[in-house]
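Encoded as structure tokens, here's the structure I'll be asking about.
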Amino acid sequence: MSELPDAKIPTQAQAVWRNGAFGLGLAIICFVLFSTYGKSLAPWAFSFPKTQTFPVARWISQFTKWLINDATFGLFTFTDLTRFIAAVIDLPYQIALSLFATGFMSGPGSSAVQLLPPISWIAVIAIVGLMGFYIGGRRLALVVASCFVFIAVFGQWTSAMVTLASILVAVPLGIAGGLFLGIGAYRWKWLERALLPLLDLMQTIPVFAYLVPILFLFGFGATAAVVATLIYAMPPMTRVTMLALQRVMPEVRDLGNMIGCTRRQMMWRVLLPSAKESLMVGVNQVIMLSLNMVIIASMIGAGGLGFDVLAALRRLDFGAGLEAGLAIVALAIALDRLSQAFAGSSAATGNRSSRGLIARHPYLAASFLVVIVSGFLGLAFPAVQSYPEMLQISTGTFWSQVVKWINVNFFDALEAFKNTLLLNILIPFKRLLLGLPWAGVVVFLAISGWLLRGPKLALLTGALSFLIAATGQWEKAMITVYLCGISVLFAALIGIPIAIMAAERDRLWGWVRLAIDTLQTLPSFVYLMPAVMLFRVGDFTAMIAVVAYSVAPAIRYTVLGIQGVDPRLVEAGRAMGCTNLQLLTRIKLKLALPEVLLGLNQTIMFALSMLVITALVGTRDLGQEVYIALTKADPGRGLVAGLAVAFIAIIADRLISAGAFRARARLGLQEGAQ
Amino acid sequence: MSSPEAKLVCRNIWKLFGHRAAEKLSEMGGNPSLEDISAAELVSAVRNVDLTVNEGEIFVIMGLSGSGKSTLVRCLSRLVEPTAGEILFHGTNLLAATETEMIEIRRHKMGMVFQHFALLPHMTVLNNVAFPLEIQGIGRDEREHRARDMITLVGLAGREDSYPRELSGGQQQRVGIARSLAVEPELWFLDEPFSALDPLIRREMQDEFIRLQSVLKKTIVFITHDFDEAIRLADRIAIMKDGEIVQSGTPEDIVLNPATDYVEEFTRAVPRAKVVRVASVMKPASGGAPEKEVSDRSTVSDAAALFLDGAERLRVNSADGSLVGILHKSDVVDLMLRG
Ligand SMILES: Nc1ncnc2c1ncn2[C@@H]1O[C@H](COP(=O)(O)OP(=O)(O)O)[C@@H](O)[C@H]1O
Ligand SMILES: [Mg+2]
């Protein structure tokens, strides 16, 4: 190291690091000794005394009941509030649903007559095509229109329109909500201070955990699903808004003051427009996260594609599930491209000249025309109104055949592969973790926190892990840690070598990036299906799905880290006569370490969020707890288990971040104080 | 010389960043040293600055990066609230103005040009220039008319409908200048307006600025870290170091009599003839004055060119055309040889 240009600064940090490493080593030795010989000395340290656990789950359930039955704000009750929110969501949702899927009906229930049909499939495709053309030209129009044609051809149209309706309601609400929270946090420091930890928690708490309370408050149905989607998709928009406003150049703020803007003019005329580019990232996030929620939301009443996937998964009908899943992907691609192109286009900014109404909005006028003409034509020719069934293609049986064929021909090989890994790695690791004393782990985590950052972190990691034990969830939590740990290990073993190969080969990286970008737009459920098909239910299947889902950040961050290494240092290394291998291990990977650690962190977060979903394929961890709570509508149990997952995520996140910070300081890469 | 009217007067301006800065400043007796300030865990930006800007002059504040120039100029418009001191604009104390009064003053009497242009990316050139007027609530036709005039003034006619990202750095700063002039400010602040530009463009923009000022005759506070730029543009210069003004005066004063070693460092590379005015080198008029004439405000290096046709002496006129002295070739050569 000492040959490198800025190696002088970190010597002190290095000494601290060495002391830390020494302390950590000592702690590990004590911990191992205690784990092996301590069981007879202190049995309470191995399994938390049953009589002492905090019945938090029961308290939460009672609290929810109280909220629904008795809570009041004086003028109105809590139930009034939830009814109001439900109404605000329900009205636009019903309109969107009628417009795209069901048509406008009159009369009660099944005897209702259709007053107006929904917008015809041809019109919808024409409209999205026009939007694509207006925003991004012919190419975009083609991509977007093909996505929708794909949906029609594969017979997913009606379900897709139901899903689209709920997205069209959730996205604007999510954007507006996030924007206002972000603006509020920018204006009032106390709101920011209150929001930041909440946003952190929301990002780590698994979606399942708050499905149960939502189900309780809003009942089963599309409204509850939209609420869940909002809660899931709003935090990133809030965070993006806060960051985007803070990052506006101080000179621009000075300009606003200098020309005498009032507060409102400053926000709406100067700051927000200047931050538009970053804000659009948030908008895109809201769209993608809303689509990500489609399947999960169908558990509490969203119909559409999500429901189709879930139903297929329950029937183990791989083909049907895949087609509905791909329709979600097509929807995601279309909306993603549209919103990204919108962010970069002048359509979002331009307000050059103005003439007549139709001349000013030719695209809008054309869209109306298509809707009306196709509506009338649809009365005469049904094929114009809805895509003819005759022309639909289904590959469902084909895929089911493929899976069957694989299972017939490769059953033994797959089974052997699975059993080898299970017997030699998974099960021993699980036994090891389950045998650890909870008290020892708590102390160990606290000491690690202390050594990596200081007493505050020690308190956090210690307290959170203690709470997991004290709420009686230690064993389930350990299974979660085991599944997550083993998946992250495999994700790293697969991802990091790929990243090392791709980092310096531009073409390869282009392909790899395309692959991981696509992987990340797939709804997480899609990963489960092939795994279940090939390996049936169980830990191993869960692991495969989690690895597939979480390998993307491992690759991405490692590549970014390696590409970000100062080329002068690499050159210096080469000048010293390092071999390629030495360059890689001694310079590039070493300097990329902080980035790799952050990637690891992300991988863990991805793995945990996927892990909860794999509860569907029969794991025995915290995810299963949440899932059971959902089916039993037990809000306390679900929330407590969900929080335990969040705690695991927070502990991992804080410890690794502290480690990355240290690594950075040690390498002298820390950015100077601002 | 009649004393010109003072437009902006500052007395004992302090700006310290940090918690409870104002209380700590008065606890430290109102005039703490740098050590006292850092001991109190404050960051010092501006210390005890006095300055006077006269009607119609270009007042340049020059200092290295971090010397507190930006903070000082922002104190003058209260974009940054001074920790202590007094700012008199037309004799009224700005620091006593309410928020709404301040908004009015900034809207109508002040304009500012920024180092990194601070153009709004989502607006055309025309809308950017018209933006300060739009904020004031002026109708579309009038504000666009005024904006077009300003755009023509800075030589960008024809680019009204471009977006900032489609312009070069120099052109972007012209837009910034046009925008700051659109409200016809009495006080014009420029915070390192040319520092982000390439040297050739910078030179061109300085010429443009001199041309504009000969038409507009604004009262200007111009910030720069470039000493050459300062002596080129300034009527008077204040040199800042660690938040204090170490010397202020005309470019000639500063180059001929640097107050400290620090100032002398800057002046060393400056050719004397470029700053010294004819009035400082001329001899009293005695006997017959020669035909060829030169203004007493010209620099010696400008006057030198007039000796090229073999003249030995030049008649020196004041602004009103009356004879005030004689400039001898030998004195000019002497000065130029001394560097
Ligand atoms: N908002 C702020 N908070 C704390 N310190 C500041 C702030 N703004 C400026 N400073 C400090 O004040 C000093 C002067 O800064 P500035 O006025 O920007 O200098 P210049 O414009 O001459 O480069 C610097 O040391 C800078 O770090
Ligand atoms: Mg500055």
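Chain naming here is simple, since letters A, B, ... match the order of the sequence lines and numbering starts at 1 in each.
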**Asked** Crowded around A/Q246 CD? As in, over 12 foreign heavy atoms under 6.0 Å?
**Response** yes
**Message:** Only heavy atoms, only distances under 4.5 angstrom. Which residues in residues 171-179 of chain A are near chain B?
**Reply:** none
**Message:** Can you list everything that forms a side-chain contact (heavy atoms from CB on, under 4.5 Å) with B/A97? Sequence neighbours excluded, please.
**Reply:** B/R78, B/E101, B/M102
**Request:** Under 4.5 Å heavy-atom distance to chain A, tell me which part of B/F117 shows up: side chain, backbone, both or neither.
**Result:** backbone
**Prompt:** Should the heavy atoms of other residues, nucleotides or ligands under 6.0 Å from CZ of A/R139 be counted, would the total exceed 12?
**Reply:** no
**Prompt:** For chain B, which residues from residues 249-268 of chain A have at least one heavy atom closer than 4.5 Å to it?
**Reply:** A/M249, A/E251, A/V252, A/D254, A/L255, A/N257, A/M258, A/I259, A/G260, A/C261, A/T262, A/Q265
**Message:** Which one wins on heavy-atom pair count under 4.5 Å against chain A: B/V183, B/I103, B/I135?
**Reply:** B/I135
**Request:** For residues 175-197 of chain B, pull every pair meeting salt bridge (Lys or Arg N to Asp or Glu O under 4.0 Å), keeping only residues two or more places apart or in separate chains.
**Result:** B/K7-B/E186, B/K69-B/E192, B/R74-B/D191
**Item:** Heavy-atom neighbours of A/E277 CD exceed 12 at 6.0 Å
**Value:** no
**Request:** Output the option from B/H116, B/Q115, B/Q136 having the highest count of non-hydrogen pairs under 4.5 Å with chain A.
**Result:** B/H116
**Asked** With a cut-off of 6.0 Å (strictly less than), are more than 12 heavy atoms of other residues, nucleotides or ligands near CH2 of B/W188?
**Response** yes
